[in-house]
Amino acid sequence: MKIEFAPLNIPLRRRLQTAAVVQWVFSFLALAQCCLAAYILLCLSRWWLLAALYAGWLYLDRDTPTTGGRRSHWVRSWAVWRYFRDYFPISLIKTADLDPKHNYLFGFHPHGVLVAGGFGNFCTEASGFATLFPGLTPYLLMLPFWFRVPFFRDYIMAGGLVSSEKSSASYILSRPGGGHVAVVAVGGAPESLDARPGALTLQVLNRKGFIKLALKHGAQLVPVFSFGENELFDQMENPVGSPLRRLQDRLQKIMGVALPLFHARGVFQYSFGLLPYRKPVHTVVGRPIPVVQTPSPSKEDIDTLHQRYMEGLTQLFEEHKSKYGVPEDKHLKFI
């Protein structure tokens with residue numbers, strides 16, 4: 001394989017963008033393990049009392065990930081996130097005003113490999129969420145497992161990440177006064193196994209839990225499509241039924257975390273590595289779908305709203321695809 005090396009005379013700005021993405025990929029792939037190792041070493045050191053005190057703090061703070069988290073405007077506004085945004089670049093597009101008197105449930109599509117658009121737009125202020133949607137506070141839902149890792153949990157909560165448990169989403173959507181947004185990557189971890197350039201297959205047909213939550217709390221549904229999300233990484237071929245896919249599915253069921261075998265480019269060369277390609281990501285926030293609060297929704301209520309949601313998502317995609325490089329003959333496929 002011929003290796004294409006990066007030129008030596010790259011501007012400092014682009015080097016800083018690459019460094020920002022390196023730390024983001026590291027955070028996703030290895031920071032939790034490093035934090036856990038650091039805590040174990042702390043327990044075995046002369047500073048074990050600090051580890052014991054932190055363990056007590058973990059117990060007292062155990063409900064925070066399911067009760068809105070503990071965001072930090074300072075962390076969300078770090079300069080590193082602006083370099084992260086500009087690497088791709090990532091942009092957030094508003095199509096309608098959202099009244100801050102309501103709570104909202106954003107359905108984010110597609111999941112992609114590392115949810116770059118979801119993180120950049122809803123866990124940082126780099127793309128100007130607070131300016132585009134004044135009065136709204138976004139919370140990106142993440143697998144509960146990660147909130148059990150010492151130190152790492154505090155870091156991700158600072159960005160606005162919260163647990164994806166049902167009680168966590170319910171807490172956000174039931175907040176009085178409105179102005180709160182639960183952002184759910186509807187396809188979840190399984191959808192990441194199909195994330196590759198050109199993929200437009202979304203796992204939506206059997207995903208109705210978020211619809212039921214919206215009905216129970218009267219939260220308005222908002223479809224969100226992130227154009228370019230699946231263009232950031234290549235992935236080893238893993239068609240349904242193949243030995244690799246069966247292994248991935250089994251591991252996902254056991255651990256709750258999908259393990260896509262992805263690759264793209266490196267730090268000093270463009271031929272292989274774990275950094276995403278420099279491809280633009282345009283995250284388009286659609287028009288809200290009004291929801292009448294139904295404390296005990298029937299199957300018919302859920303199915304009807306689910307159909308409206310899929311129609312809204314399809315309309316959003318069709319209206320904007322030509323602007324962001326998707327051929328006219330390409331359409332979403334729901335499974």
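Just so we're clear, the structure is a prediction, and the values are computed from it rather than from any experiment.
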Closest heavy-atom contact between [X] and [Y]?
X    : Y    : result
P138 : R76  : CG-NH2, 3.9 Å
D249 : L193 : OD1-CD1, 3.6 Å
V162 : P65  : CB-O, 3.4 Å
P276 : V21  : CD-CG1, 3.5 Å
I289 : P223 : CD1-CD, 4.3 Å
A185 : H111 : CB-CD2, 3.8 Å

**Request:** For side chain to side chain contact (heavy atoms under 4.5 Å, CB included), just list the numbers for H217 and N103, CA-CA rounded to whole Å, side-chain angles, deciding distance to a tenth of an Å, and then say yes or no.
**Result:** CA-CA 9 Å; H217 300 288; N103 290 324; over 6 Å; no
Measure the spacing between [atom1] of [X] and [atom2] of [Y] and express it to the nearest 0.5 Å.
X    : Y    : atom1 : atom2 : answer
L215 : L305 : CG    : CG    : 5.0 Å
S91  : D86  : OG    : CG    : 11.0 Å
T201 : F334 : OG1   : CZ    : 10.5 Å
F129 : C123 : CZ    : SG    : 11.0 Å
T283 : I93  : OG1   : CD1   : 6.5 Å
L140 : I156 : CG    : CD1   : 10.0 Å

**Request:** Would you please indicate if the ring centroids of W146 and Y155 are separated by under 6.0 Å?
**Result:** no
**Message:** Among residues at least two apart in sequence or on other chains, which ones pass side chain to side chain contact (heavy atoms under 4.5 Å, CB included) with A30?
**Reply:** F26
**With sequence neighbours excluded, residues passing side chain to side chain contact (heavy atoms under 4.5 Å, CB included) with T66** = D63, S163, E165, S167, S168
Can a donor-acceptor pair be found, under 3.5 Å and without considering hydrogens, that links the side chain of [X] to the backbone of [Y]?
X    : Y    : result
S226 : V224 : no
E229 : A116 : yes
Y39  : V149 : no
E191 : P110 : no
K321 : E328 : yes

Ring-plane angle category for [X] and [Y], please: parallel below 30°, perpendicular beyond 60°, tilted otherwise.
X    : Y    : value
F119 : W24  : tilted
H109 : Y309 : tilted
F317 : F227 : parallel

**Prompt:** Can R70 and R153 be said to form a side chain to side chain contact (heavy atoms under 4.5 Å, CB included), step by step?
**Reply:** CA-CA 10 Å; R70 187 170 46 249; R153 68 190 293 275; 4.3 Å; yes
**Request:** Only counting residues at least two apart or in another chain, list the ones meeting side-chain hydrogen bond (donor to acceptor under 3.5 Å, both in side chains) with D234.
**Result:** Y277
**Prompt:** What pairs of residues pass the ring pair (Phe, Tyr, Trp, His ring centres under 6.0 Å) test when at least one of them lies in residues 281-307, not counting sequence neighbours?
**Reply:** H282-Y324
**Request:** Determine, stepwise, if the pair H263 / F272 fulfils side chain to side chain contact (heavy atoms under 4.5 Å, CB included).
**Result:** CA-CA 6 Å; H263 57 91; F272 61 89; 5.9 Å; no
**Request:** Report the C-alpha separation of L205 and M310 in whole Å, then their side-chain angles, then the decisive distance to 0.1 Å, and conclude whether the side chain to side chain contact (heavy atoms under 4.5 Å, CB included) test is met.
**Result:** CA-CA 9 Å; L205 288 181; M310 290 193 296; 3.7 Å; yes
**Request:** Kindly give the cluster partners of L244, where membership spreads through any ILVMFWY side chain lying under 4.5 Å from a current member.
**Result:** M236, L261
**Request:** Decide whether a cation-pi geometry holds between R71 and Y139; the criteria are a distance under 6.0 Å from NZ or CZ to the six-membered ring centre and an angle within 45° of the ring axis.
**Result:** yes
**Request:** May I have all residue pairs that pass salt bridge (Lys or Arg N to Asp or Glu O under 4.0 Å) and include part of residues 197-217, sequence neighbours excluded?
**Result:** K208-D303
